Amino acid sequence: MRASQFFMPTLREAPAEAELPSHQLLLRGGFIRKLAAGVYTYLPLGWRVIRKIEQIVREESDRIGGIELFMPALVPEELLDETGRSKLDILFKLKDRHQRPFTLGFTHEEVITDIVRHTVSSYRQMPLLLYQIQTKFRDEPRPRGGVIRAREFIMYDGYSFDTDEQALETMYQKVRRAYTRMFQRMGLRTLIVDAEAGAIGGGSNEEFMILADSGEDKVLQCDKSGYAANAERCELPDPKLTPPPIDDVPPMQKVDTPNARTVEEVCAFLNTTPDRLVKTLLMRVDGKPVAALVRGDRELNPYKLMRAAGGESVEMMDAETIQHLTNAPVGFAGPVGLPPEVPIYADYELRGLQDFITGANAPDAHLIHVCWGRDFPEPIWADLRVAQAGDPSPRHPEGVLREVRGIEVGHIFQLGTKYSQAMGAMFTDADGTQKPIIMGCYGLGVSRCLAAVVEAHHDEDGIRFPITVAPFEVILILVNPEDAEQRAAAERLYAELLALGVEVLYDDRDERSGVKFKDADLIGIPLQVVVGRAVKDHQVELRLRTDKNPERLPLDHAAQAIAERIQAMKAALQPTEEV
RNA sequence: CGGGGCGUAGCGCAGAUGGCUAGCGCGCCUGCUUUGGGUGCAGGAGGUCCCCGGUUCGAGUCCGGGCGCCCCGACCA
């Protein structure tokens, strides 16, 4: 491609709207352009990278037997009614001319399950792995960081169908290895972490994170074992604390705490510290009221409560019900005197705490000298609090959790029968019985990977693309277009590189050399070939975007040498993981 | 949805206390110049000052309402 004929509007200054390096560089380099919040055009350079990423994802999916198809972006809302997901607030909704409600596809479990329930009826038709690469629509509450979190974005989504849990596990592990290979090929070093399933649901699931300080997700990593988990999922061990003796604890006593609702306010009022307080959170698990106790300086992880209570959904209780249950406004709930039908769960840590302060279930009042087992029944002990850096590892006795930040680029799920059950996707097994199909689903953010690659590979001059996803492999810089000798050499080398199948961007623009060098660095092409003054010696210069020391090549052999160099650079990104 | 910030030329910005033809840098166009890291000189084009309403002799500037965008948090596949 000749740069003079190409469309690459680079910017000297970064637009003020961009803060993350990847966002700034993609904008400046002419890879993307914003149309609305979280809605982006992929300009030619960006689109070339997207297509490279897609191709890697395709090849690795096909390698493990995946079959590509393409589903509609328009999804009838009633299909999502079957699983209850039509209620999700991130859906873009619209109506057709007959006022029939549609949504724009945000993920396609229902659509693929609809196809499969009408076409797969025998165990002989499985295992099956179907996938697509398609634009997804999610009306995110807060789009962020350019294409990192967009409202319209390109996603790979794969769906597997198996006859039993064992087969699903085999499939899941295959996809997991394929993902590892995909990211390796893109030059992304990923960390696989345990995760929350969110709106997708189902059983065990893992996220692929690339580590970056700008990442949205908090990841906790054990420094002794290989355990790593999204902070929202991270388990904590039962410290097996011995309850302190309560013989000398004075009787429970009600004290007035006017307008003191938050932990800070109560502590200030009673002149104590948050670790002497026990917070009582009233929640609903599968719609039923549940109380959760955590220490005042801790945070409840609602998903942990949900799992401890054996439920599938969890939400905060509304203020009205809290008022009704506790006879007090929000802020004064406590475990003492709750209706017996409200089960009380408490974090493991509280087993080692007695003589604490809680809400009194009365307006403007708290209780002091409270003891569990004495003033209210012994609660159900469970791991309930949000893990944080410095907490003990759940997998190693001496391990400590450390916090890192990550960008989630992939998420894989063992769904089980969540969708097949809800939508009636059944098959006949070898023994003639009807069973629900066992599903898995696998998402990978293609457009997010574009940003992630830049986030992981840049310096102060611009992007440093790994050769496997670079928009071009080589940029051929003609220093002085007026110089006939240079021009002839560049034209010749350009033709030779094209003939060898090299993806080359030939900067033949009528610009000063400085502009060309700056642009070359900015857009991050991994190999720069400079046709300049060395032409007098029948030589050109080859330099790497990552190492500016030039190497001189004789013009006659330059094309071949460059092609070989590209092969070597690609080989270095070949995945090590086998499937 | 809560908190903070911003909206003036394609991009980055300046335009106290209301006042004349609304500025600067970059980019763009023309000519010359220059050709190994965003060259220099000269000339030029380009604006519903986010929108609506109000106050005023007069509003980019003040007031009211709205919209858009960014950041932090909540949320998140």
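Protein chains get the first letters and strands the later ones, always in sequence-line order, with residue 1 at the start of each. Values in this document were obtained by computation on a predicted structure and should not be read as measured data.
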Review point. Closer than 4.0 Å, any side-chain N/O of A/Arg512 to the OP1 or OP2 of B/U33?
Key: no
Exercise for review: May I ask you to verify if any side-chain N or O of A/Tyr303 is less than 4.0 angstrom from the OP1 or OP2 atom of B/C75?
Suggested key: no
Check your understanding: What nucleotide, of B/U35, B/C71, B/A74, holds the atom closest to the side chain of A/Pro141?
Key -> B/A74
Review point. Taking NZ from A/Lys548 and P from B/G36, how many angstroms apart are they, rounded to a whole number?
Key: 17 Å
Review point. Between B/A74, B/C69, B/C13, which one does the side chain of A/Ala36 approach most closely?
Key: B/C69
Point to revise | Minimum-distance nucleotide (side-chain atoms of A/Glu19 versus B/C71, B/C69, B/G38) | key: B/C71
Revision key, fill the gap. Of the candidates B/G36, B/C70, B/C11, the side chain of A/Lys34 sits closest to B/C70
Exercise for review: Taking A/Arg543 for its side chain and A/Val529 for its backbone only, find out whether a donor-acceptor pair lies under 3.5 Å.
Suggested key: no
Review point. Out of B/G37, B/C11, B/C71, which nucleotide sits closest to the side chain of A/Glu13?
Key: B/C11
Revision key, fill the gap. Which of B/C69, B/G36, B/U35 is nearest the side chain of A/Glu17? It is B/C69
Review point. Taking OP1 and OP2 of B/C11, is either one under 4.0 Å from a side-chain nitrogen or oxygen of A/Arg12?
Key: no
Practice item. Remember a base hit wins even if backbone is also touched, and classify A/Glu216 as base, sugar-phosphate or nothing at under 4.0 Å, heavy atoms. Key: nothing
